[in-house]
Amino acid sequence: AGVWDRSAAYSCSMYLWIFEVNSFPFIEMDFEAVAKYSALHLKPAGLTLQYGTAGFRTKAGHLDHIMYRMGLLAVLRSMKTKSTIGVMVTASHNPEEDNGVKLVDPLGEMLTSAWEEYATCLANADEQEIQSILTEICQKEVVNLHLHASVFIGRDTRPSSEKLSQSVIDGVCALGGQYHDYGLVTTPQLHYMVCCQNTQEHYGKATVEGYYQKLSKAFGELTKQACSSGDGQRYLKIDCANGIGALKLKEMEHYFPKNLLIHLYNDGTKEKLNHLCGADFVKVHQKPPLGLDLKPNERCCSFDGDADRIVYYYNDTAGHFHLLDGDKIATLISTFIKELLIKIGQSLKMAVVQTAYANGSSTRYLEETMKVPVHCTKTGVKHLHHKAQEFDIGVYFEANGHGTVLFTNAAEEKIRHMAKEEKDNQKREAAKRLENTIDLINQTVGDAISDMLVIEAILALKGLTVQQWDAIYADLPNRQLKVKVADRRVIDTTDAERRAVTPSGLQEKIDELVKTYRLSRAFVRPSGTEDVVRVYAEADTQENADSLAYEVSLAVYHLAGGIGEPPQPVF
């Protein structure tokens, strides 16, 4: 009748029957175990969720069945790719009451689009449909269930995360996968560990300790020859959003050189996660977080709840708040890398990837002053990441502070070879700086800790204060608004979401409004999660940006089925 094969995962096991079907081995999964575990993680009636760029996110109490099913899917994905897959339990910058989950692909990248659809289908299935959906996925993807499966699991500091992580483990166990539970880690650390594991640790050791060692060593080497410009240059206040970033920075702090002085605020000992603090709060509200005493010209930064976003800021002597967001970060890093490329004499192709939300001044500075090509993609990290992979060196940051730098294997090999073999001293030293920069960057995903160290190293090497960095170019004033509509799907866009195709007449109205303001542009796009239309406008003054955003919002309200009270002027 068949041959038994046993695959153990710690205390978990699964028994598989192997049959010959059309000369190929067909292995029937243990649906009894799947059903048994599934009964412990029942889906609430009427709940429908969609896997997006950030995976699944909603109120924590609605996610138990989702976590279990993502454990199942992670096992199948591992078997399909013959690699370790990551599962991160987090809702990033969302309120503490929320939670979420996302899967991490073999090289630390976001889950591929086809499997996002499987995730959505599996998450929304009724209990009696789970078996057929799992079977269909296996047939479509030709998953060999006889293969070993490995899943890495991590979680953030939310009160609900530990229990939800256990639900993921139940899903992994139901299909006999092996798992390693890293416990409390930042999202970028889990991405990093997955990549390390699947590159046989060529990328680094697949441990939190290995992460600390790699980054701190690269930072120390990179900043060895930095000119000292006083204690203020290396003194940094960090708002940790009352999240996981605080725990990990405390663990990592003793690895840092003594001349990098960090002071942590919102470290999770008093207030709630992301409450009136964190990168998203600072970016949206354009003001310092609660709990951080901001003195004139002090350099400060904020992480988000799972430490994959970062923004910098300071108050000037007149008390005005200055934000250095993802656009400023991308400009600083790409300028630094381009200068080193010029020094080593390599014509590697570098580009910066932005979204429509990027400030127009940053785009102009990069293209016109730095002569660095800029490409625009749809909103969402996965779109930027994929576009950045097209270049020898791709720098990408969303304006919200999520981003990193990607180097092709060929570019990395050239740089490392020059750092070791180049006879010209100046070229060799420049190549070494690039090599250490590569090692300091977490190429798998945006990483607040890694990005912070890259920024601090560049500022130290270039002898720049945060004010001098900010003065590289001046942001155009901008405003973001949202309009409630009956159905966000009435908005369809093109040109990387910068132009509206439907409803009829909307884009023409936006074009007409934009013409009435200097240095202006505006676009609208549907929200990915709720029935609202997001409006962005920028212009030569804040008053004009506010006015343009309001007028475009009115156009959306009247032409795209607005509901509730009409938009009001911005004061």
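We're numbering straight along the sequence, starting at 1.
Without hydrogens or angle criteria, Thr516 side chain to Leu513 main chain gives a donor-acceptor distance under 3.5 Å. The closest donor-acceptor contact from the side chain of Arg69 to the backbone of Ala123 lies under 3.5 Å.
Salt bridge Asp98/Lys59: present, at least one basic N to carboxylate O contact under 4.0 Å. Taking the charged nitrogens against the carboxylate oxygens, Glu339 and Lys462 do have a contact shorter than 4.0 Å, which makes a salt bridge.
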*Given Lys283 and Asp280, is the salt bridge (Lys or Arg N to Asp or Glu O under 4.0 Å) satisfied, shown in steps?*
CA-CA 5 Å; Lys283 170 65 177 170; Asp280 191 60; over 6 Å; no
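The 12-atom threshold is exceeded at NE2 of His375, counting heavy atoms of other residues, nucleotides or ligands nearer than 6.0 Å.
Ring to ring, His385 and Tyr396 are close: their centroids are under 6.0 angstrom apart. Two rings, from His93 and Phe281, have their centers 6.0 Å or more apart. For Trp115 and Tyr51, the ring centers sit 6.0 Å or farther from each other. Taking the six-membered ring wherever Trp is involved, the centroid distance between the rings of Tyr235 and His263 falls below 6.0 Å.
Both tests do not hold together for Lys328 against Tyr313: distance to the six-membered ring centre under 6.0 Å, angle to the ring axis within 45°.
For Glu512, the salt bridge (charged side-chain N to carboxylate O under 4.0 Å, His left out) test picks out Lys509, with sequence neighbours left out.
Of the residues Glu497, Arg534, Glu398, the one that meets the side chain to side chain donor-acceptor pair (under 3.5 Å) test with Thr379 is Glu497. Between Lys102 and the choices Thr53, Thr187, Leu190, the side-chain contact (heavy atoms from CB on, under 4.5 Å) rule is met once, by Thr187.
Side-chain contact of Thr404 with Asp447: a donor-acceptor pair under 3.5 Å is absent, judged by distance alone. Side-chain atoms of Tyr517 and Glu551 include a donor-acceptor pair closer than 3.5 Å.
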